[in-house]
Amino acid sequence: MGYLLTHSVEYWASKTPDQPAFRMVGKELSYCELWRRAGQLARTLIEQGVGRGDRVGIYMNKCLEMPLAVYGIMRAGAVFVPLDPTAPAARLQHMIDHCGIKVLISHPPKARAIPAFLTDDTGLSCIIGIDDSAKNSVHTIPWAEVDNSSENCPPVALMEQDLAYIMFTSGSTGLPKGIMHTHYSGLSYARLAAQTYDLNNNDRLGNHSPLHFDMSTLEYFSAPLVGATTVLIPEAYTKLPASLSQLIEQEQLSIWYSVPYALIQLLLRGVLEQRQIQSLRWVLFGGELFPPKYLYALMQLWPQARFSNVYGPAEVNQCSFYHIPEAYEETSHPIPVGHIWGDAEGMIVDNQDRPVSAGESGELLVRAPTMMQGYWEQPELNAKAYYFRPVTSDISDRFYRTGDLFLENGDGLLEFLGRKDRQVKIRGYRIEIDEIEKVLSAHPQVEECAVYVLMDEDQNVKIQAAVIVVSHSQISEEDLLLYSAEYLTVYALPETISRQTEFPRTTSGKIDRKAIQMQALQQKPMNEMQI
Amino acid sequence: MKDKITRFIIDDLLSGMQVSDQDDLLLNGLIDSIGVMRLVSFIEVLIDKPVPPEDVTLEHFVNIDAIYNYIEQRES
């Protein structure tokens with residue numbers, strides 16, 4: 001069905017025009033309305049000079065105008081760039097400048113935050129979705145004007161290799177890097193996901209992830225591919241698990257996809273025993289490790305649902321899955337990430353890029369149609385991001401270097417060992433920081449944990465752990481250390497384990513380990529510790 | 001009582017940003033998840049009773065009026 005991401009919406013707009021494509025807090029956009037109004041937005045954009053390949057920013061909280069922005073920008077032949085609505089002004093300014101964004105799509109709740117990143121030399125020429133009451137220096141077009149514009153949107157010449165979107169992710173330099181995806185890579189992901197999870201037009205998908213987080217592509221691309229309905233979950237619900245479980249029940253969601261944190265919150269504080277959640281048929285989780293004790297508990301509560309562990313850096317969308325067996329037993333062994341999915345190839349290599357023997361660990365390299373085009377305007381990063389396997393003297397296969405360490409276990413399943421850059425050496429011993437987290441998080445009284453390293457003045461690596469314990473737990477730091485000592489070699493034991501009530505998090509809900517590390521650093525005398 | 005809640009929200013959670021009693025604190029993203037937890041702890045101290053997870057909902061925390069109504073209901 002087509003070769004551009006927009007073709008799915010066009011198809012369903014004629015086949016099932018009244019079927020809701022997106023819903024939020026009781027309001028909805030049918031496929032027909034989505035196609036029509038996205039066309040009006042596309043026309044407005046074209047009138048503002050936007051054309052094929054131009055980047056258009058999306059700066060809004062979750063709302064029904066968000067899917068309009070995504071599809072309107074693509075219908076204009078342009079590239080949508082979702083900006084984190086909670087990002088600080090300097091970061092927003094960087095993303096806008098770096099991508100050369102001239103037009104931004106927003107809405108009134110964000111209007112007050114806009115002047116903070118509008119500098120005198122801004123390249124922005126137009127903001128759609130707000131009025132000019134904030135006296136911004138750039139031209140503004142409110143949504144009402146967009147909705148009054150002509151529905152006649154001129155067709156734009158575009159092919160599947162054209163860029164469709166750029167998603168920013170944290171870079172090791174401190175500046176975010178833009179991951180470029182084409183219509184081809186986005187649609188390849190949409191198709192593979194729809195096949196893998198057997199999606200159909202009766203499904204109702206809960207969109208928990210913010211748009212700027214790559215997990216949102218399941219709801220934004222795969223759901224429209226099969227004509228299903230996506231329910232946008234306002235950010236506020238993610239902070240209120242008891243309201244979130246109510247929403248899942250009321251909206252009769254059938255597909256759930258989120259980071260494990262959201263599921264853990266639902267399990268611990270979502271009063272699931274008071275809800276009737278029988279509609280859920282498939283629960284997908286990824287982005288972080290899911291402690292098996294919580295997975296097991298959820299599987300007991302939702303016996304009708306299938307559960308799958310999803311793995312894949314945003315650079316390749318997704319590349320593997322593990323369907324949890326029905327007879328899953330609680331274990332302290334981490335949940336495998338499973339198999340590389342159809343139409344993708346994975347290879348585990350050592351430090352010299354040589355394939356490792358079966359059962360040995362190494363970095364995973366992936367080659368797939370879902371792979372990014374590269375990082376936007378980052379020649380140095382792009383030179384390092386890939387491994388090229390020669391085919392002939394002048395042609396080679398391109399693999400993305402995931403930076404993640406894996407091994408293939410005896411059952412042929414991939415097991416995640418940790419980030420390559422989260423491997424440290426202490427007294428010559430190689431230690432996976434993520435291994436320590438797995439041990440601590442398996443403790444029944446540990447809700448979540450984060451392990452990080454600091455260096456003392458002699459450049460000695462010091463392992464530190466921060467934990468959130470379950471409510472009313474009296475467990476002491478010493479108890480947790482003694483427990484860790486049962487599973488970890490002595491040099492991998494954390495120097496300190498500190499109890500905390502909450503962790504700083506990224507907007508996608510992942511634990512922000514860098515922020516925890518910075519906080520710890522600020523509590524120590526500067527001359528003693530460093531990162 | 002209502003003043004105390006308003007002061008805590010404006011001074012401690014919103015760094016001085018003024019909001020009315022009916023302004024939506026949650027759907028607009030004014031208060032983040034750590035903010036919600038701090039607010040819950042603050043109310044627990046204020047009424048000297050635990051706030052159970054099933055009460056931490058949009059209905060009870062959406063704005064200052066809702067929070068105040070919830071507290072009144074718990075105290076009666």
Side-chain angles (χ1 to χ4, degrees), chain A residues 24-26 59-63 84-87 107-113 210 232-247 250 261-262 265-275 447 468 470-472 500-512 515 519, chain B residues 5-6 8-75:
Chain A
M24 187 168 140
V25 210
Y59 179 63
M60 38 173 67
N61 300 326
K62 280 193 187 173
C63 58
D84 176 356
T86 64
H107 65 162
K110 294 309 289 179
R112 207 164 41 185
L232 302 176
I233 303 172
E235 290 86 350
Y237 281 81
T238 67
K239 302 154 202 166
L240 305 161
S243 288
L244 183 57
S245 61
Q246 209 166 27
L247 181 144
Q250 283 166 355
Y261 174 65
Q265 290 301 307
L266 274 171
L267 178 71
L268 300 178
R269 288 175 257 282
V271 290
L272 293 177
E273 65 286 354
Q274 296 176 27
R275 307 277 185 255
E447 191 171 308
I468 297 176
V470 295
S471 2
H472 311 301
Q500 298 192 6
T501 50
E502 182 48 285
F503 289 149
R505 290 180 197 276
T506 66
T507 45
S508 54
K510 288 190 196 180
I511 299 171
D512 190 344
Q519 282 173 358
Chain B
I5 303 163
T6 310
F8 176 77
I9 290 171
I10 291 177
D11 296 346
D12 291 40
L13 299 182
L14 301 177
S15 327
M17 195 182 115
Q18 296 300 311
V19 285
S20 80
D21 291 357
Q22 294 81 37
D23 277 350
D24 192 318
L25 302 170
L26 298 167
L27 288 174
N28 287 337
L30 287 181
I31 298 184
D32 62 10
S33 51
I34 296 179
V36 171
M37 295 186 75
R38 288 180 60 200
L39 184 58
V40 170
S41 316
F42 175 79
I43 293 169
E44 285 180 332
V45 173
L46 200 67
I47 61 175
D48 196 23
K49 282 178 199 161
V51 175
E54 60 263 35
D55 286 0
V56 187
T57 58
L58 209 53
E59 185 195 344
H60 296 145
F61 286 83
V62 68
N63 54 34
I64 292 174
D65 274 347
I67 297 167
Y68 184 65
N69 288 342
Y70 170 69
I71 292 175
E72 276 200 319
Q73 177 199 321
R74 286 295 306 277
E75 293 213 308

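Chain naming here is simple, since letters A, B, ... match the order of the sequence lines and numbering starts at 1 in each. Just so you know, these numbers use all the heavy atoms, side chains as well, and skip hydrogens, waters and symmetry mates. Everything numeric in this text was worked out from a predicted model, so none of it was measured.
By the ring pair (Phe, Tyr, Trp, His ring centres under 6.0 Å) test, A:F503 is found to be paired with no residue, residues two or more places apart in sequence or in another chain being considered. Under the ring pair (Phe, Tyr, Trp, His ring centres under 6.0 Å) criterion, A:H107 pairs with no residue at all, not counting sequence neighbours. Judged as a ring pair (Phe, Tyr, Trp, His ring centres under 6.0 Å), and not counting sequence neighbours, the contacts of B:F8 are B:F42.
Of the atoms belonging to A:Q265, not a single heavy atom falls under 4.5 Å from chain B. For a residue to count as touching a neighbouring chain, one of its non-hydrogen atoms must lie under 4.5 Å from one of that chain's; by this rule B:V36 touches chain A with the side chain only. Of the two parts of A:T501, only the backbone, made up of N, CA, C and O, holds a non-hydrogen atom closer than 4.5 Å to a non-hydrogen atom of chain B.
For the atom pair CE of B:M17 and CZ of A:R112, the computed distance is 4.0 Å after rounding to the nearest 0.5 Å. Considering CZ of A:R275 and CD of B:E54, their distance stands at 8.5 Å, rounded to 0.5 Å.
For a heavy-atom cut-off of 4.5 Å, chain A lies close to B:T57, B:L58 in residues 57-65 of chain B.
Nearest heavy-atom pair across B:I31 and A:K239 is O-NZ, 2.8 Å.
Among B:P53, B:S41, B:P52, B:G35, the residue with the largest count of heavy-atom pairs under 4.5 Å with chain A is B:P53.
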